[in-house]
Amino acid sequence: MYQYETIKLEKGMYHLTNKSFLQALEDADPSLQYANSPLAGLDAYERQLKRFDIRVSGNNCDRVEKFFTTTESAVLFPEFVRRAVTQGMQESVLSEITAAVSKCESNKYQGCELTDTASYTTTTAGSALPVSSILESSSVITLEKYGRNIQASYEAIRQQRLDVFAIMLRRVGKRLADSLVSKAVTVLKTAANTQTNKIAMKGDSLAYSDLADLYGEFKSFNMKVMLASPSVMAEILVMNQMLEISSQDVTEIRLPFGTKLINCPQLDDTTILGLDNEFALEQIQSSDIILETDKLIDSQLDSMTVSVNISFRTLMDDTVKMLDIS
């Protein structure tokens, strides 16, 4: 008998300090011990699904009620919900524009700032070296709560296939992440809307030369990503320079000079943003997705709430630039 078949599942595994449900499972049933076994590649949660014969996808996918066959298998349901919502959130562009994700123990965050204005030139013998300082930020960021109340009674969903129910949860997660992208775009626009970071198109309509000009505004950093609204994306895609590009990778669109072009519905039609996504934006959050796990385990699903506490800030100057096409 494998160890995963004897783990005692209980509600309290969701309420351990500084430890997720999956981490609690992994502590009790480490994945490392399954190397070179038929269960290699499964994490501790997936092994529990196997233990209770719960199929969450495929032709023989089970229905929601399968989770509630026993009191122990019911403990797995909140993690199913969390994973589906998380998968939807990961389908947004947020990960492509975020340089770092920082965890914060409270709803107040005070990060650090780099001051690096002194020239990087030679220094004569005996002279003090130029200074770059990394100090605590003078401003405190307050995290904001984003969430959704999902109303669905157990009787209404108990007979639904788990894969279909997961798609609905993914959609909620995707829209939740889209609202986070809106906040991130606002932070980026604020940083770019300055005299040194903002340029205007030269003619009456958007031209490829305007995109090249935006690229040329980056000095110490590189414009690795360009964000544009769907209608502006359509204008760019029919430019002759774009029609001449042939790519085998249809999963992404790149400008001739290498910048990745991202469709961003959260951006208005009068602005294009260019950024170095490895240095520009920090995402701060106090926790992962928050669920009312006890209610889910007890099949009290009349009101499922999912939420996250998140904020954003730009990390460094000159990492984001704006092209005004109004």
Side-chain angles (χ1 to χ4, degrees), residues 18 89-90 92-124 127-146 177-199 213-227 258-260 262 264 266-268 271-290 307-324:
N18 298 322
M89 294 184 69
Q90 291 171 343
S92 79
V93 302
L94 195 58
S95 62
E96 299 191 69
I97 63 175
T98 302
V101 178
S102 299
K103 294 294 180 70
C104 177
E105 296 297 327
S106 69
N107 283 339
K108 301 289 184 181
Y109 178 76
Q110 189 168 15
C112 58
E113 293 178 346
L114 171 66
T115 301
D116 195 31
T117 55
S119 298
Y120 279 74
T121 59
T122 58
T123 304
T124 58
S127 299
L129 292 173
V131 174
S132 295
S133 61
I134 301 176
L135 302 173
E136 189 174 61
S137 174
S138 58
S139 59
V140 176
I141 294 176
T142 301
L143 276 62
E144 298 174 306
K145 185 173 184 176
Y146 297 80
D178 285 344
S179 66
L180 301 179
V181 173
S182 295
K183 177 63 176 181
V185 166
T186 298
V187 171
L188 290 171
K189 281 184 64 177
T190 300
N193 194 20
T194 65
Q195 186 173 357
T196 57
N197 291 327
K198 181 179 179 179
I199 63 172
D213 286 344
L214 183 62
Y215 180 83
E217 287 295 307
F218 286 79
K219 304 299 190 293
S220 297
F221 298 95
N222 294 318
M223 189 173 78
K224 296 187 176 73
V225 167
M226 179 183 286
L227 303 179
T259 296
K260 185 174 182 179
I262 293 180
C264 184
Q266 294 79 16
L267 194 59
D268 58 74
T271 303
I272 293 175
L273 288 177
L275 62 143
D276 191 326
N277 60 346
E278 295 184 4
F279 292 92
L281 189 69
E282 180 183 17
Q283 174 181 318
I284 307 110
Q285 60 189 70
S286 62
S287 65
D288 292 326
I289 292 174
I290 301 171
S307 63
V308 289
N309 295 322
I310 282 181
S311 193
F312 301 90
R313 69 167 185 143
T314 49
L315 284 167
M316 299 178 190
D317 295 333
D318 300 323
T319 54
V320 53
K321 307 283 184 178
M322 178 190 295
L323 174 61
D324 184 354

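We count residues from 1, following the sequence as given. Here the structure is a predicted model, which means the values were calculated and not measured.
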Checklist entry - Can you name the residues that form a salt bridge (charged side-chain N to carboxylate O under 4.0 Å, His left out) with Glu144, not counting sequence neighbours? => result Lys183
Item to check | Test log, rule side-chain contact (heavy atoms from CB on, under 4.5 Å), inputs Asn107 and Lys145 | outcome: CA-CA 9 Å; Asn107 283 339; Lys145 185 173 184 176; over 6 Å; no
Checklist entry - At what distance, to the nearest 0.5 angstrom, does CG of Leu114 lie from OG of Ser133? => result 7.0 Å
Checklist entry - Do Leu323 and Met226 come close enough that some side-chain heavy atom pair is under 4.5 Å? => result no
Checklist entry - Under the side-chain hydrogen bond (donor to acceptor under 3.5 Å, both in side chains) rule, what pairs show up with a residue in residues 217-226, not counting sequence neighbours? => result Lys224-Asp276
Checklist entry - Of the non-hydrogen atoms in Glu113 and Ser138, which two are nearest, and what is the gap between them? => result OE2-N, 4.2 Å
Checklist entry - In Å, rounded to the nearest 0.5 Å, how long is the span from CD1 of Ile199 to CE of Met322? => result 11.0 Å
Checklist entry - Got Val320 and Asn197 here, is their nearest side-chain heavy-atom distance under 4.5 Å? => result no
Next on the checklist: Test of understanding: with salt bridge (charged side-chain N to carboxylate O under 4.0 Å, His left out), list the residues that count as partners of Lys260, not counting sequence neighbours.
Outcome noted: Glu96, Glu252
Checklist entry - Are Ile97 and Leu227 side-chain neighbours, meaning at least one heavy-atom pair lies under 4.5 Å? => result yes
Item to check | Partners meeting side chain to side chain contact (heavy atoms under 4.5 Å, CB included) with Thr142 (sequence neighbours left out) | outcome: Lys108
Checklist outcome for this item: Residue set satisfying salt bridge (charged side-chain N to carboxylate O under 4.0 Å, His left out) with Lys198, at least two apart, ordered chain then number -> Asp324
Item to check | Partners passing ring-ring contact (aromatic ring centres under 6.0 Å, His included) against Phe279 (at least two apart in sequence or in another chain) | outcome: Phe221
Next on the checklist: Would you compute the distance between atom CG of Leu273 and atom SG of Cys264 and round it to the nearest 0.5 angstrom?
Outcome noted: 8.0 Å
Item to check | Residue pair Phe218 / Gly274: nearest heavy atoms and the distance that separates them | outcome: CZ-O, 3.3 Å
Checklist entry - Shortest non-hydrogen contact from Ser106 to Leu143? => result O-CD2, 4.0 Å
Next on the checklist: Suppose we screen for salt bridge (charged side-chain N to carboxylate O under 4.0 Å, His left out). Which residues come up paired with Asp318, at least two apart in sequence or across chains?
Outcome noted: Lys321
Next on the checklist: Is it the case that the side chain of Thr123 and the backbone of Leu129 share a donor-acceptor pair, with hydrogens and angles ignored and the cut-off at 3.5 Å?
Outcome noted: no
Just distance, no hydrogens or angles: give the donor-acceptor pairs under 3.5 Å from side chains in residues 308-315, sequence neighbours left out.
residue : atom : partner : partner atom : Å
Asn309  : ND2  : Ser286  : OG           : 3.4
Arg313  : NE   : Glu282  : OE1          : 2.5
Arg313  : NH1  : Cys112  : O            : 3.1
Arg313  : NH2  : Cys112  : O            : 2.9
Arg313  : NH2  : Glu282  : OE1          : 3.0

Next on the checklist: When you compare the side chain of Gln283 with that of Leu180, does any pair of heavy atoms fall below 4.5 Å?
Outcome noted: no
Checklist entry - Does some side-chain heavy atom of Leu135 sit less than 4.5 Å from a side-chain heavy atom of Thr115? => result no
Checklist entry - Residues two or more places apart in sequence or in another chain: which of them pass side chain to side chain donor-acceptor pair (under 3.5 Å) with Tyr215? => result none
Item to check | Spatial distance of atom OG1 (Thr259) from atom CG (Leu214) [nearest 0.5 Å] | outcome: 8.5 Å
Checklist entry - Any donor-acceptor pair under 3.5 Å linking the side chain of Ser92 with the backbone of Leu94? => result yes
Checklist entry - Considering only heavy atoms from C-beta outward, does the side chain of Thr319 approach that of Leu275 to under 4.5 Å? => result no
Checklist entry - Mind checking what makes side chain to side chain donor-acceptor pair (under 3.5 Å) contact with Ser127, not counting sequence neighbours? => result Thr124
Item to check | Trace of the side-chain contact (heavy atoms from CB on, under 4.5 Å) decision for Val225 with Glu278 | outcome: CA-CA 10 Å; Val225 167; Glu278 295 184 4; over 6 Å; no
Checklist outcome for this item: Applying side chain to side chain donor-acceptor pair (under 3.5 Å) to Asp178 and not counting sequence neighbours gives Lys174
Checklist entry - With Ser139, which residues qualify under side chain to side chain donor-acceptor pair (under 3.5 Å), at least two apart? => result Ser137
